[in-house]
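Okay, so here's the structure we're looking at.
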Amino acid sequence: MKTIIAEKPSVAREIAGLLGASEKKDGYLIGNGYFVTWAFGHLIGLGMPEDYGVSGFQKETLPILPNPFLLTVRKVKKDKGYSVDAGALKQLKIIEQLFNKSDSIIVATDAGREGELIFRYIYEYLKSNKPFERLWISSLTEKAIKQGFDNLKDGKDFDGLHQAAQGRSRADWLVGINATQALSIAAGNGIYSLGRVQTPTLALICKRYLENKNFSIKKYWQIQLLQHKELIDFKSLSLTKWEDQALANDTLKSIQRSSSATVTSVETKRLTEQPPLLFDLTGLQKEANKKLSLSAEETLNIAQSLYEKKFITYPRTGSKYIPEDMWAEIPNLVRSLQDRENCKQSVTKMKWGRFNKRIVNDLRVTDHHGLLITDKTPSALNVKENAVYDMIAFRLLEALSQACIKEITDVTLQVVHYDFTSKGCKIIEAGWRAIKGSFSDEDTEPIQDLPELSKGDELKINEATVLEKKTKPPGLYTEAGLLSAMESAGKEIENEDERKALQNIGIGTPATRAAIIETLFTRNYIQREKKSLIPTEKGLQVYGLVKDRKIADVAMTAEWELALQKIENNEADASTFQKEMEQYASTITEELLQTSIAQSNLPKLICPKCKKQHLIIRDKIVKCSDEVCGWVQFRNVCGVQISIENITSLVNKGKTSLIKGMTSKAGKKFDAYIVLKENAESSFEFEKNKSSKRNGK
């Protein structure tokens, strides 16, 4: 007998169905010489400090450097700390029994770093020594699974992947546990969670937010001309930007008196826009955030659902290419879209026999190839699934199309010694842009049509106006922008040699970036403001404490990603990496323990209930220092974090300012004031004197 272990039950059922293992048992399926079982994600993880006999946050126990690292069954949070997850323990016992009854194991967890770790931690925890092979597939279609079983790989081939996964797991533990405890001890005021990747990511958001907030906006003025020739209206803009409005108005008058402009130069050049490559996961997340306002995590979950329904290939990919041996399957994928209503028209624009092979590159395929649809036509998808599927489908059609060829014309005109410029664009060959009919990028200004113009032409000015403009601060990060910054973190490095070495290395991986962003939300370090990501008070406080410390260094985090890649490719030693991480954890622990955290910025407030004791202000609650009094106010009310200013106003004046965007239990948004009643309990007060009995605590 052989045991096949998948990452989750749905995948196990797919495999079991194909192999004829149809008899259902508790926690597995059996038949045709196979046991088919599953994990529920990470059943086994690294032990916590208490597993090493370290309880609470104690300065003298830091840094905690486990040797060896202990593995424990997954734990769940209960009222009093953590306890073993009963469901995980039960499934683990089933897996152990099946391993013991089998001659060998087939690993069918997701084909990537985390999937490998899920299996290896189970294998190590159970002290199994059974030989194992690896099922390595990029799609859950019947054809892909069958091909995978025909080409099972030796488990040892993935030792590098395992070492990298284990290295990442241990590095995150060493940095996260020690840094969090060190800063929290130094603060003495709540928990300050820090992490190997989350802290540099928070630093990116805070740095951009402060640059935006502190930017000094200046007004300037430009003159715009409206002209007309050959039935075409077109505009031109002055190269001069006036900082004095009066000067701009004086110039406008002299231009209006002149009434004509002279063409001083006409430059026309052909621009070839190559089609985009296939999506990798980060590319899909960025596009879905821009076009559909989906978060990175939502996009990943939708893509994972489409993968498990067999409609797309494995989504957690970092590649935009396919290997040569897949090229023969591509026409069949395009044909499958002929039956899809949204894609029909675009498929008719494809030039059969002339597909662009730019996406084929064996050397640029990592663990998995770029995102593709499968030949299974989708049905019964929800609105968001349909939208994400179409994105992947249209991107395939675009990638296979020819280049778009444009003719770009730059025209310079002169009026009363002032230069004006105008830009025009003519589509020579639509190429890939015909697929969706979009001929300019959404983040650039649309380029206008221009008439035939030659140097020396005199053009009548139909209208001249002064435009008031403002200098723009660096834009706040959207999730798409943050993903780009994480992906290309190496480009931001100031040291030229470091930048060259790390130019294609980001922080995090395509598979983990969504979770990192979500962690920052969970920690109450960042929040959404429309589509922008901005830091909370707590996020800015943490950034203020660590911005000059090693833990916030984007370059160092990018270096670790490079080191992990090398370990994965058997080009670097995992034990050396771990020693470096232990040294680093020791250094940052020492740095953070010496951090002086000023509490003077927190107001000194007297309890509104007992009127005697001072209030203790924490991230999640504000409470009376007298346990007998017991007054408490939660700081997160209906999904909105209540600011220090509003806490002060509530305690001193009995009422906050209007708090917007709260969410009721029914999921509806509402705005309200939080007010203190006579007994010092809080409740809502609505505008127009509408009140509610709902408790605001």
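All values below come from the heavy atoms of this structure, side chains included, with hydrogens, waters and symmetry mates left out. Nothing fancy with the numbering, it's 1 onward along the sequence.
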Point to revise | Donor-acceptor contact present, side-chain Arg513 to main-chain Ile507, <3.5 Å | key: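 Such a contact is found between Arg513 side chain and Ile507 backbone.
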Just wondering, do [Y] and [X] contact through their side chains at under 4.5 Å, heavy atoms?
X	Y	value
Glu487	Asp280	yes
Lys669	Lys660	no
Trp38	Lys8	no
Glu518	Ser295	yes
Ile435	Phe394	yes
Leu194	Val175	no
Leu564	Arg113	yes
Phe215	Thr471	yes

Point to revise | Test log, rule side chain to side chain donor-acceptor pair (under 3.5 Å), inputs Lys286 and Ser484 | key: CA-CA 8 Å; Lys286 288 194 290 188; Ser484 287; 3.1 Å; yes
Point to revise | Residue pair Ser422 / Gln448, side-chain donor-acceptor N/O under 3.5 Å | key: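 On atom types as modelled, these side chains qualify, holding a pair under 3.5 Å.
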Check your understanding: Do the side-chain N and O atoms of Gln565 and Glu561 include a donor-acceptor pair separated by under 3.5 angstrom?
Key ->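 On atom types as modelled, these side chains do not qualify, holding no pair under 3.5 Å.
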Point to revise | Sub-6.0 Å ring centroid separation between Phe670 and Phe684 | key: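 Yes: the rings meet the under 6.0 Å criterion.
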Check your understanding: Using the ring of each side chain (for Trp, its six-membered ring), is Tyr389 parallel, tilted or perpendicular to Phe311, with breaks at 30° and 60°?
Key ->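 Aromatic pair Tyr389/Phe311 classed perpendicular.
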Review point. Going through the checks in order, is the side-chain contact (heavy atoms from CB on, under 4.5 Å) test met by Thr199 and Leu202?
Key: CA-CA 5 Å; Thr199 305; Leu202 174 64; 5.5 Å; no
**Study point:** Non-hydrogen atoms of Leu281 and Arg316 that approach each other most closely
**Key:**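 Smallest interatomic distance, heavy atoms only, reads CD2-CA, 4.1 Å.
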**Study point:** Steps toward side chain to side chain donor-acceptor pair (under 3.5 Å) verdict (Gln304, Glu308)
**Key:** CA-CA 6 Å; Gln304 185 70 21; Glu308 288 173 18; 3.0 Å; yes
